[in-house]
Protein chains: 2
Amino acid sequence: MTRIGSRTTGRPTLAEVARLSGVSPITASRALRGISTVAPELVEKVQVAAASLGYVANPAARALASKQSQSIVVLIPSLSNHLFIDTLEAIHDVMRPRGLEVLIGNYHYDIAEEENLIRNYLAYQPRGILLTGFDRSDAAKQLLASSGVPCVHMMELGGEAQAMSVGFSQQQAGRAAARHLLERGCKRPGFIAAQLDPRVMQRAEGFRQALAEAGLNAYGREVLAPQPSSIELGGELFGQMLGRHPEVDGIFFCNDDLAQGAILEAMRQGIKVPQQVAMVGFNDLPASAHMVPRLTSIRTPRAAIGRCAAQALLGLLDGKRGQPKCQDLGFELVVRESS
Amino acid sequence: MTRIGSRTTGRPTLAEVARLSGVSPITASRALRGISTVAPELVEKVQVAAASLGYVANPAARALASKQSQSIVVLIPSLSNHLFIDTLEAIHDVMRPRGLEVLIGNYHYDIAEEENLIRNYLAYQPRGILLTGFDRSDAAKQLLASSGVPCVHMMELGGEAQAMSVGFSQQQAGRAAARHLLERGCKRPGFIAAQLDPRVMQRAEGFRQALAEAGLNAYGREVLAPQPSSIELGGELFGQMLGRHPEVDGIFFCNDDLAQGAILEAMRQGIKVPQQVAMVGFNDLPASAHMVPRLTSIRTPRAAIGRCAAQALLGLLDGKRGQPKCQDLGFELVVRESS
DNA sequence: GCAGGGCAAGATAGCGCTATCTTGAAGCGA
DNA sequence: TCGCTTCAAGATAGCGCTATCTTGCCCTGC
């Protein structure tokens with residue numbers, strides 16, 4: 001009879017599996033972990049016993065004994081933004097089949113909150129950490145470095161010399177947008193951005209560079225807002241742009257939702273896109289291809305970044321050598337009706 | 001000197017905190033957990049020591065010793081759908097300040113996968129589980145029941161007698177949409193749906209009931225597709241509706257993205273909304289208020305459901321009695337230009 | 001035939017915490 | 001003053017696993 005009221009949980013333990021299959025607990029442990037030194041017929045017996053008891057190993061005990069959890073941590077700056085969802089799902093798709101739990105930390109674009117999350121999540125002894133970009137507090141970097149937990153950086157490239165990164169050049173993407181507008185004959189291009197996180201500012205920098213190279217005033221027509229980007233804000237900022245710079249004939253938006261809001265606002269105001277103002281978005285969100293007019297956008301490999309970053313991390317865990325430090329997955333200008 | 005190469009992790013332990021503050025480990029443990037039987041000056045000393053060492057308790061050890069993790073599990077059918085993001089964020093906002101980790105399980109609308117996730121997540125000995133709806137395998141229900149882990153069901157109401165639920169009546173929402181179309185003078189209303197999960201079908205049922213009560217053929221004009229809903233699919237299904245039932249003069253969409261796709265498709269085809277076809281969406285997603293025409297929709301309390309469900313679960317954990325079994329948070333018909 | 005190597009299986013000893021029991025000093029009334 | 005309760009603090013004993021060391025068997029080869 002089971003002892004009721006003891007400190008036990010009622011869940012079957014490895015010891016019970018071992019007893020049922022007539023081996024020692026350590027052999028049962030090895031059998032279930034697929035360690036090859038166990039005889040095939042014992043493995044079979046143990047698996048049958050485990051299945052019949054509905055045994056699932058206690059992750060806490062496992063983590064404590066082995067000094068390693070089966071979890072990996074992903075730190076992202078926002079969940080409400082559709083962007084990171086695709087990346088997260090791809091990460092899940094890679095990690096779960098390997099039995100790794102994905103712990104998600106959302107730091108709401110707040111460096112201090114990120115540092116805090118890192119401190120707390122390191123206590124879980126994760127197998128690895130996936131980070132967004134390179135912009136974090138020195139204390140956070142210090143924590144990560146001294147923990148020895150493998151890290152992969154997503155979205156941006158470069159960063160610290162030793163850092164592993166999977167992403168694309170935000171700056172080049174900004175340049176590509178500018179060049180496209182110029183090629184389409186825009187003489188007075190403008191830039192609308194929100195959130196103003198480091199990646200947005202890199203795109204802005206690329207955009208400005210390309211304008212400067214074309215002999216235009218790089219900072220001529222910009223409307224920047226610190227709040228999170230949204231369709232609603234896109235309409236507003238577009239209105240502000242028209243008020244301040246009525247001559248604008250092409251706009252690059254740092255995110256598609258802003259551009260979508262602007263397209264809808266333009267329709268309300270009877271402004272013709274692209275005849276009066278061309279528009280180029282960023283990220284190629286699902287709605288963009290269906291706007292009227294369909295939105296030209298820079299498609300970013302969000303899912304691929306998640307997948308490759310996850311795989312790179314697994315590579316680090318398996319001790320694979322010779323992995324590239326820096327994976328540039330590029331981006332793609334998808335030209336549609338709005339430009 | 002610390003022993004290198006031993007089985008230890010290098011992270012500071014409770015024992016070190018205790019040594020540094022001159023108390024026993026158990027007293028340090030109690031001090032850090034805020035257990036009131038420790039003298040204030042000792043608490044202070046322990047906290048100072050912990051801070052100076054950068055001590056963060058090992059969750060695995062804590063979970064193993066106490067038979068309880070500091071995590072709660074949320075099972076949702078999809079992440080890519082914007083719907084559950086709002087709910088998830090609200091749950092996080094309630095749980096994290098209480099020091100609870102949120103483990104997210106996405107079962108991709110697959111009952112078998114959900115059962116599997118439940119089996120695996122129960123091994124974490126979570127403090128509680130938040131579930132989506134009531135539609136799951138008997139084995140899953142059995143697992144949950146015998147685990148004794150408190151559960152709260154989100155999105156739908158009712159279900160099993162003992163179950164705690166926070167949501168709204170999907171059926172009533174479907175009725176409300178139908179009644180609104182009828183009030184607006186629609187004589188030949190139709191219904192477009194995708195995904196066809198249980199909640200969608202409940203809305204369909206409510207919609208049909210209201211039509212029947214008005215003396216109309218309840219199943220007259222329906223276009224149902226099993227694949228996930230999306231803007232693109234909305235345009236397609238709208239096209240199918242027009243092909244099969246050209247007389248349709250008002251459509252209820254089971255999700256806003258379908259309606260958005262239909263509005264955009266209507267614009268392309270030169271079909272006037274609402275003059276030729278009125279449209280009513282569901283969920284009031286962010287873009288809906290900005291469509292041209294602005295989309296009438298049924299606003300669902302997604303964030304509130306997450307928040308209330310999380311609070312209800314905390315209530316169960318704290319052993320609060322007399323909580324309502326069933327919290328109906330209602331919904332709101334937001335009438336805009338499309339109807 | 002026997003020493004030695006190889007290797008499957010088991011015994012042992014924790015991992016870093018907390019539940020529970022024990023101790024001892026202080027407080028209090030008779 | 002004494003015996004009682006009260007309660008802060010500590011000692012002890014695991015939680016359920018796995019790393020590591022040990023055992024003992026079998027197979028070689030000379």
Side-chain angles (χ1 to χ4, degrees), chain A residues 2-46 50 53-70 99 122-125 127, chain B residues 2-46 50 53-70 99 122-125 127:
Chain A
T2 45
R3 294 180 303 148
I4 303 290
S6 74
R7 283 182 66 184
T8 63
T9 48
R11 296 182 58 81
T13 68
L14 189 62
E16 290 166 51
V17 174
R19 206 175 309 136
L20 186 58
S21 45
V23 301
S24 68
I26 184 64
T27 298
S29 167
R30 290 199 264 246
L32 292 173
R33 281 182 295 157
I35 289 177
S36 56
T37 61
V38 182
E41 67 270 22
L42 287 189
V43 172
E44 170 74 14
K45 262 204 268 185
V46 170
L53 288 172
Y55 172 78
V56 180
N58 180 329
R62 180 168 272 186
L64 188 58
S66 68
K67 313 255 134 302
Q68 251 193 11
S69 71
Q70 293 299 313
L122 281 177
Y124 283 85
Q125 303 183 150
R127 303 284 302 268
Chain B
T2 45
R3 295 178 303 149
I4 305 289
S6 73
R7 283 183 66 184
T8 63
T9 48
R11 297 182 57 83
T13 68
L14 189 62
E16 290 166 52
V17 175
R19 206 175 309 137
L20 186 58
S21 45
V23 301
S24 69
I26 185 63
T27 298
S29 167
R30 291 199 264 245
L32 292 173
R33 281 181 294 157
I35 289 177
S36 55
T37 61
V38 182
E41 66 270 22
L42 287 190
V43 172
E44 170 76 12
K45 263 204 268 186
V46 171
L53 289 173
Y55 172 78
V56 179
N58 180 328
R62 181 168 273 185
L64 188 57
S66 68
K67 313 255 133 299
Q68 250 193 9
S69 71
Q70 293 299 312
L122 282 176
Y124 283 86
Q125 302 184 153
R127 302 285 300 269

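In what follows, chains carry the letters A, B, and so on, assigned in the order in which the sequence lines appear, proteins first and then strands, with residues in each chain numbered from 1.
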Quiz prompt | Atom-pair distance (CZ on B/R19; C1' on C/dG16), nearest Å | solution = 13 Å

Self-check item: All side chain to side chain donor-acceptor pair (under 3.5 Å) counterparts of A/Q68, not counting sequence neighbours
Solution: A/R127

Quiz item: Atom CD of B/E16 to atom C1' of C/dG16: distance rounded to whole Å?
Solution: 11 Å

Quiz prompt | Among D/dG16, C/dC17, C/dT18, the one nearest B/T13 by side-chain distance | solution = C/dC17

Practice problem: Decide side chain to side chain contact (heavy atoms under 4.5 Å, CB included) for B/T37 and B/R30; before the verdict, give the C-alpha distance in whole Å, the side-chain angles of both, and the deciding distance to 0.1 Å. | Solution: CA-CA 8 Å; B/T37 61; B/R30 291 199 264 245; 4.2 Å; yes

Exercise. Would you name the heavy atoms of B/A61 and A/L64 that are closest together and state the gap between them?
Key: CB-CD1, 3.6 Å

Exercise. Determine whether B/V56 and A/L122 make a side-chain contact, defined as any pair of heavy atoms from C-beta on separated by less than 4.5 Å.
Key: no

Quiz item: Taking the side chain from A/S21 and the backbone from A/V17, do they hold a donor-acceptor pair closer than 3.5 Å?
Solution: yes

Quiz item: Which atoms form the tightest heavy-atom contact between B/L32 and B/A50, and what is the distance?
Solution: CD2-CB, 4.0 Å

Self-check item: Atom-pair distance (CD1 on B/I35; P on D/dC7), nearest Å
Solution: 16 Å

Self-check item: Heavy-atom pair with the smallest gap, counting every atom of B/A63 and B/S69
Solution: CB-CA, 3.9 Å

Quiz item: Closer than 4.0 Å, any side-chain N/O of A/R11 to the OP1 or OP2 of D/dG16?
Solution: no

Quiz item: Rounding to a whole Å, what distance do you find between B/L64:CG and C/dA19:P?
Solution: 12 Å

Exercise. Return the value, rounded to whole Å, for the distance between atom CG of B/L14 and atom C1' of C/dT18.
Key: 9 Å

Check: protein-nucleotides 8-10 of chain C nitrogen or oxygen pairs below 3.5 Å:
from   : atom 1 : to    : atom 2 : distance (Å)
C/dA8  : O5'    : A/T37 : O      : 3.3
C/dA9  : OP2    : A/T37 : O      : 3.4
C/dA9  : OP2    : A/A39 : N      : 2.8
C/dG10 : OP2    : A/S24 : N      : 3.1
C/dG10 : OP2    : A/S24 : OG     : 3.0
C/dG10 : OP2    : A/T27 : OG1    : 2.6
C/dG10 : N7     : A/R30 : NH2    : 2.8
C/dG10 : O6     : A/R30 : NH2    : 3.2

Quiz item: Are any of A/Y55's side-chain N or O atoms less than 4.0 Å away from OP1 or OP2 of D/dC17?
Solution: yes

Exercise. Could you check how far CD of B/Q125 sits from P of C/dC17, rounded to whole Å?
Key: 18 Å

Quiz prompt | Heavy-atom closest contact (A/A57 atom, B/A123 atom, distance) | solution = O-CB, 3.5 Å

Quiz item: Just how far, in rounded Å, is P of D/dA8 from NZ of B/K45?
Solution: 17 Å

Quiz prompt | Angle between terminal axes - the helix from C/dG1-D/dC30 to C/dA30-D/dT1, 5 pairs each end, rounded to 10° | solution = 40°

Exercise. Return the minimal non-hydrogen interatomic distance between B/A28 and B/L14, and the atom names on each side.
Key: CB-CD1, 3.9 Å

Quiz prompt | For atom CD of A/Q68 and atom C1' of D/dA19, their distance in whole Å | solution = 13 Å

Quiz item: Which nucleotide, D/dC17, C/dG16, C/dC17, lies nearest any side-chain atom of B/R62?
Solution: C/dC17

